[in-house]
*Asks:* 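Can you read through this structure? Questions will come right after.
Start at 1 with the first residue, then count along the sequence. The structure presented is a predicted model; accordingly, all values stated were derived computationally and were not measured.
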Amino acid sequence: ADVGAAVRVLDVGCGTGHLAATIAARSPHARIDAVDLADAYLAHAQSQYPEPRIHFGHGDACALPFADAGFD
């Protein structure tokens with residue numbers, strides 16, 4: 001989960017949030033947007049990883065709510 005000097009990271013299909021949390025732990029300057037379709041996974045991720053640099057939200061990989069080229 002080394003994202004180098006990335007400042008903005010997108011985790012699509014984040015599930016329970018473990019990858020997003022690992023990225024946050026290894027990259028102190030990164031902001032992570034993590035999306036998943038499953039509300040149960042998102043609720044678990046939010047409860048387990050209250051890191052303010054991670055934003056967990058509902059999202060579909062085929063229709064992401066982000067502008068093109070917005071991530072490193």
*Asks:* Ignoring hydrogens, what is the shortest heavy-atom contact between A34 and L42? Give both atom names and the distance.
*Replies:*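 Shortest heavy-atom separation between A34 and L42 comes out as O-CD2, 4.5 Å.
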*Asks:* For H55, look at atom NE2 and say whether over 12 heavy atoms of other residues, nucleotides or ligands are found less than 6.0 Å away.
*Replies:*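 At most 12 heavy atoms, drawn from other residues, nucleotides or ligands, come within 6.0 Å of this atom.
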*Asks:* Give me each pair satisfying salt bridge (charged side-chain N to carboxylate O under 4.0 Å, His left out) with a member in residues 27-44, each pair once, sequence neighbours excluded.
*Replies:*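 Output for this query lists R8-D33, R31-D33.
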*Asks:* According to a 4.5 Å side-chain heavy-atom criterion applied to Ile, Leu, Val, Met, Phe, Trp and Tyr, with indirect links allowed, do Y41 and I23 form part of one hydrophobic cluster?
*Replies:*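 No, because Y41 and I23 fall into different hydrophobic clusters, even though each may have its own neighbours under 4.5 Å.
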*Asks:* Report the distance from atom CD1 of I32 to atom CD1 of I54, rounding to the nearest 0.5 Å.
*Replies:*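 Nearest 0.5 Å value for the CD1-CD1 distance: 5.0 Å.
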*Asks:* Show the numbers, then the answer: is there a side-chain contact (heavy atoms from CB on, under 4.5 Å) between V35 and F66?
*Replies:* CA-CA 11 Å; V35 296; F66 305 106; 4.0 Å; yes
*Asks:* Count I, L, V, M, F, W, Y as connected when their side-chain heavy atoms are under 4.5 Å apart, and connections chain through other members. Are L64 and F71 then in the same cluster?
*Replies:*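 As far as the 4.5 Å side-chain criterion goes, F71 and L64 are connected within one cluster.
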*Asks:* So which heavy atom on V12 is nearest to which on A61, and how close?
*Replies:*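 Residues V12 and A61, closest heavy atoms: CG1-CB, 3.5 Å.
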*Asks:* Check residues 14-22 and write down every donor-acceptor pair under 3.5 Å in which the side-chain atom is one partner and the other belongs to a residue at least two apart or another chain.
*Replies:*
unit_1: H18; atom_1: ND1; unit_2: Y49; atom_2: OH; d: 3.1
unit_1: T22; atom_1: OG1; unit_2: H18; atom_2: O; d: 2.9

*Asks:* Counting only N and O atoms by type, is there a donor-acceptor contact under 3.5 Å from the side chain of H29 to the main-chain atoms of V7?
*Replies:*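 No.
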*Asks:* Between S27 and A24 (side chain of the first, backbone of the second, donor and acceptor by atom type, cut-off under 3.5 Å), is there such a pair?
*Replies:*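 Side chain of S27 to backbone of A24: no pair is present.
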